[in-house]
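A short write-up of the structure that comes next.
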Amino acid sequence: MSSEEIRATRLQKVEQLKQLGFNPYAYRWESSHHAADLHTKYADLASGEEVDIDVTIAGRIMARRVFGKLAFFTLQDDTGVIQIYLDKHKIQRSMSNKDPEAFEHLKQLTDVGDFLGIRGNIKRTEKGELSVYAGEYTILTKSLLPLPDKWHGLTDVEKRYRQRYVDLIVNPEVRETFRRRALITAAIRRYLEQQGFIEIDTPVLQSESGGAEARPFVTYHNTLEMSLYLRIATELPLKRLIVGGFEKVFELGRVFRNEGTSTRHNPEFTTVEVYQAYADYHDMMALTEAVITTAAQQVLGTLQITYQETPIDLTPPWRRATMHELVQEKTGLDFTQFQTLGQAIDAATSAGLTGLEKCDTIGKVLNEAFEQTVETTLVQPTFVLDYPVEISPLAKPHRSKPGLVERFELFIVGRETANSFSELTDPVDQRERLEAQAARKAAGDLEAQGVDEDFLAALEYGMPPTGGLGIGIDRLVMLLTDCASIRDAIAFPLLKPEKVEVVEEV
RNA sequence: GGGACGCUAGCUCAGUGGUAGAGCAUUCGGCUUUUAACCGACUGGUCCUGGGUUCGAAUCCCAGGCGUCCCA
């Protein structure tokens, strides 16, 4: 029978229920227990034993095993599953005033997928399955569409993402991932608040995008007749709050980058950015360790985790190594020795690196060498320190190493998971760097941003020394829930519609 | 942007040029201890889309769509 025919059959059942005086789309139900409560409470109940207690419970029918005068349903709620034991005599006795043919109607009018409310008592069956021994049942919501195969479930990844609700119904581990994601963000907020940080929401719609190098989404405000960008980072508004006198601020929220998708990229993703006055990037390393280990403990109860079968030890302190040291380790090249760009490119090329034509400074060659040879090898948590100034326009110059800034990125399983600086507070230096970026934007670099004059004005009023930190929440969730793709860590990842509608390009 | 692979019933999958299949689900009948219940019978298709080759295409060719993975 085709799904259209199944749907038609179930719509007929909806009509039948209405004719019998039952509402197939009920308003409310009060449960005394969830499935997991009962499994905990009656763990020691012996097979065949019955408990004379009034219990109400609700959930979705996930399986039906129906006999002539007896039926077993598997009911699923937010906490798990529980068997419902329905026996004709008991149902008829309890429900005769409501519906003399209650048991026949149960067999005829309920389907896998329906929501049911049950009133009954507790019984562990002869075969050892803890059950609610039903006296009464109520159809709370009639389902019209058939669920995926009860044994194989839903495995088609495209359908799982497009119809996440079906994925969640039939794949308990997917529900667990998003439950853990919620624990992670809650743990991070709780930890930061305990440390005296306050969360302040900053605008998603901005007339100037900045705080990162990325192509922004553009939208349009009709009544103001102006283009607006969706934020690519929360950095610049949060720093304005530090200028304003808050000493510890953060925002955990969505940012948007108009880029392609991959197992590590979704165009909208979640970051937490944290700014602390009077702190530097060393303080931020300690804070990063604290935030991530707190989240790991909260969710997994351990710092010894496994990601895609690789053991990861999150026990702090994590390795700290400079970008120069790591590149030298992998390539043998000492970038502090190069005087000219030509020297650096020649040496890197003979070390086997490729695609260096696009590099116009020694620092960019170094960064390229890092990305090509080091990045994916940083499996255990590693802070990579001291980046070239030309790829770090918002970071303060290193206090002792010319040409470098006080910046780190945290790598775990080869992925950038956090990024932090001693924030640049010199407004003149900051203006030069933003203007250099703006020149690249004018020259056609789509990821370069314009000069945010108001941000510069804020810096001119004076920003205290400040440590800033950004953590990629989606990648952290991937790590702590063992997801191979960012799409498994985001409830509704961006997909193209199956039938593409042509939208006028802005 | 490039490459590889995939798309067949509601779900999971067979089917490599000759009548479009299986299991589960659905529908009907039977059944008072099942838990992938069981037994019997039936039903269910835009083979991703369009074009081409061929007597004949799910299958071969071309173009496109969507997805997954890898690379940039």
Side-chain angles (χ1 to χ4, degrees), chain A residues 1-13 16 35 39 47-50 61-76 80-93 103-104 106-114 123-134 142-164 166-167 169-171 215 259-266 308 353-358 368 371-372 375-376 414 446 483-488 493-502:
Chain A
M1 196 178 266
S2 73
S3 79
E4 267 310 305
E5 289 169 303
I6 291 173
R7 185 168 171 276
T9 305
R10 293 202 182 182
L11 278 169
Q12 282 172 14
K13 294 181 184 178
Q16 246 180 296
H39 286 295
S47 295
E49 292 289 307
E50 204 173 323
I61 303 172
M62 296 304 289
R64 265 166 45 98
R65 295 173 293 281
V66 178
F67 299 75
K69 293 172 184 164
L70 179 67
F72 299 95
F73 286 11
T74 302
L75 212 63
Q76 173 171 279
V81 297
I82 182 98
Q83 177 167 277
I84 309 300
Y85 172 31
L86 302 124
D87 142 356
K88 182 171 180 175
H89 289 315
K90 183 167 175 176
I91 293 285
Q92 302 289 50
R93 204 180 321 122
F103 192 78
E104 289 313 306
L106 175 81
K107 290 206 289 182
Q108 287 164 11
L109 301 177
T110 66
D111 291 287
V112 168
D114 294 352
K123 176 176 176 140
R124 190 176 292 279
T125 61
E126 311 289 338
K127 298 288 165 68
E129 186 74 32
L130 185 69
S131 308
V132 177
Y133 186 14
K142 189 75 197 132
S143 144
L144 301 182
L145 296 175
L147 289 177
D149 189 289
K150 63 186 168 191
W151 186 242
H152 298 99
L154 184 68
T155 60
D156 182 302
V157 283
E158 184 174 353
K159 281 200 180 90
R160 287 187 44 233
Y161 297 148
R162 283 195 196 285
Q163 296 189 284
R164 182 69 92 181
V166 179
D167 189 28
I169 292 168
V170 299
N171 293 319
R215 196 171 173 184
E259 294 165 352
T261 62
S262 79
T263 48
R264 295 171 297 279
H265 299 89
N266 194 61
Q308 306 289 295
L353 302 181
T354 54
L356 301 173
E357 317 77 47
K358 64 192 176 195
E368 193 62 34
E371 287 181 1
Q372 286 185 32
E375 229 177 71
T376 58
L446 295 169
C483 288
S485 169
I486 198 169
R487 292 181 206 97
D488 296 318
L494 184 70
L495 295 184
K496 280 193 181 185
E498 285 167 292
K499 288 181 181 129
V500 180
E501 292 168 39
V502 179

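As the structure is a computational prediction, the values presented were derived from the model and not from experiment. Chain A is the first sequence line, chain B the second, and so forth, proteins listed ahead of strands; every chain is numbered from 1.
- Nucleotides rC62(B) and rU53(B) place their C1' atoms 10 Å apart, quoted to the nearest Å.
- For L109(A) and rU26(B), the CG to C1' distance is 15 Å, given to the nearest whole Å.
- Per the geometry, CZ belonging to R7(A) stands 16 Å off P belonging to rU27(B), to the nearest Å.
- R7(A) is linked by a side chain to side chain contact (heavy atoms under 4.5 Å, CB included) to E4(A), L11(A), L144(A), L145(A), counting only residues two or more places apart in sequence or in another chain.
- Comparing the P positions of rU8(B) and rC47(B) gives an interatomic distance of 11 Å, to the nearest angstrom.
- Atom CG in L145(A) sits roughly 16 Å away from atom P in rA9(B) (whole-Å rounding).
- In this structure, W151(A) atom CH2 and rA36(B) atom C1' are separated by 5 Å, rounded to whole Å.
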Please list, pair by pair, any protein nitrogen or oxygen found under 3.5 Å from a nitrogen or oxygen in nucleotides 70-72 of chain B.
none

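- Using the Watson-Crick or G-U wobble rule with both distances under 3.5 Å, rU19(B) pairs with nothing in any strand shown.
- At a threshold of 4.0 angstrom between heavy atoms, the contacts of Y161(A) are confined to the sugar-phosphate backbone, with no base atom among them.
- In this structure, D156(A) atom CG and rC69(B) atom C1' are separated by 15 Å, rounded to whole Å.
- The line from CG of L106(A) to CD of Q92(A) is 10.0 Å long, rounded to the nearest 0.5 Å.
- Partners of R487(A) according to the salt bridge (charged side-chain N to carboxylate O under 4.0 Å, His left out) rule, which considers only residues two or more places apart in sequence or in another chain, do not exist here.
- Between rC11(B) and rA25(B), the two P atoms lie 16 Å apart (nearest whole Å).
- Taking CD1 of I82(A) as the reference point, atom NE2 of H39(A) lies at 3.5 Å (rounded to 0.5 Å).
- A donor N or O paired with an acceptor N or O is found under 3.5 Å between the base of rG23(B) and the side-chain atoms of D149(A).
- Among rU68(B), rG10(B), rC11(B), the nucleotide with an atom closest to any side-chain atom of K159(A) is rC11(B).
- If you take OH on Y85(A) and CD on E129(A), they are separated by 13.0 Å, rounding to the nearest 0.5 Å.
- Considering only residues two or more places apart in sequence or on other chains, E375(A) meets the salt bridge (charged side-chain N to carboxylate O under 4.0 Å, His left out) condition with none of them.
- Phosphate contact (OP1/OP2 of rU27(B), side-chain N/O of T9(A), threshold under 4.0 Å): absent.
- Shown here, rU46(B) forms no base pair; nothing in the strands shown gives a Watson-Crick or G-U wobble contact with both key distances under 3.5 Å.
- Every side chain to side chain contact (heavy atoms under 4.5 Å, CB included) that R124(A) has, sequence neighbours left out, goes to L45(A), S47(A), L130(A).
- Remark: P of rC28(B) and CD1 of I6(A) are 12 Å apart, rounded to the nearest angstrom.
- A 3.5 Å limit on both hydrogen-bonding distances identifies rG30(B) as the Watson-Crick or G-U partner of rC38(B).
- Rounding to the nearest 0.5 angstrom, the gap separating the OG1 atom in T110(A) from the CZ atom in R64(A) is 4.0 Å.
- Taking atom C1' in both rG10(B) and rU27(B), the straight-line distance is 14 Å, to the nearest Å.
- With the nearest nucleotide of RNA chain B identified for both G128(A) and S485(A), G128(A) has the one nearer the 5' end.
- Using P as the reference atom, rC13(B) and rC66(B) are 23 Å apart when rounded to the nearest Å.
- If you check every strand for non-hydrogen atoms under 4.0 Å, G153(A) touches sugar and phosphate atoms only.
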Encode nucleotides 37-43 of chain B as B, S and - characters from 5' to 3', where the letter depends on protein heavy atoms closer than 4.0 Å: B to the base, S only to sugar-phosphate, - to neither.
B-----B

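- Heavy-atom distances to RNA chain B give each of L154(A) and D111(A) a nearest nucleotide, and the one nearer the 5′ end belongs to L154(A).
- Looking at residues two or more places apart in sequence or on another chain, you find a side chain to side chain contact (heavy atoms under 4.5 Å, CB included) between L109(A) and K13(A), Q16(A), L17(A), L20(A), H105(A).
- Side-chain proximity of R162(A) to rC66(B), rC11(B), rU68(B): nearest is rC66(B).
- Pairing for rC5(B) is with rG67(B), a Watson-Crick or G-U wobble pair whose two hydrogen-bonding atom distances lie under 3.5 Å.
- Comparing rA36(B) with rA58(B), their P atoms are spaced 39 Å from each other, to the whole Å.
- Looking at heavy-atom distances under 4.0 Å, R124(A) makes no contact with the nucleic acid at all.
- Here T155(A) lies in heavy-atom contact (under 4.0 Å) with sugar-phosphate atoms only.
- L147(A) comes within contact range of no nucleotide atom at all, as no heavy-atom separation falls under 4.0 Å.
- Closest contact between the side chain of K13(A) and the listed nucleotides rG6(B), rU68(B), rU27(B) involves rU27(B).
- For the P atoms, the distance linking rC7(B) with rU16(B) amounts to 13 Å, nearest Å.
- In this structure, the CD1 atom of I61(A) is 11 Å from the P atom of rU26(B), given to the nearest Å.
- Nucleotides rG1(B) and rA20(B) have their C1' atoms positioned 39 Å apart, rounded to a whole Å.
- rC24(B) is paired with rG10(B) under the Watson-Crick or G-U wobble criterion, all donor-acceptor distances under 3.5 Å.
- Applying the salt bridge (charged side-chain N to carboxylate O under 4.0 Å, His left out) test to pairs two or more places apart or on separate chains, none has a residue in residues 143-157 of chain A.
- Judged as a side chain to side chain contact (heavy atoms under 4.5 Å, CB included), and not counting sequence neighbours, the contacts of E50(A) are N121(A), K123(A), Y133(A).
- Pair assignment for rA58(B) gives none, since no Watson-Crick or G-U wobble pairing has each distance under 3.5 Å.
- If you take CD of E4(A) and P of rU46(B), they are 11 Å apart, rounded to a whole angstrom.
- Here the closest heavy-atom approach between residue L495(A) and residue R162(A) is recorded as CD1-CG, 3.4 Å.
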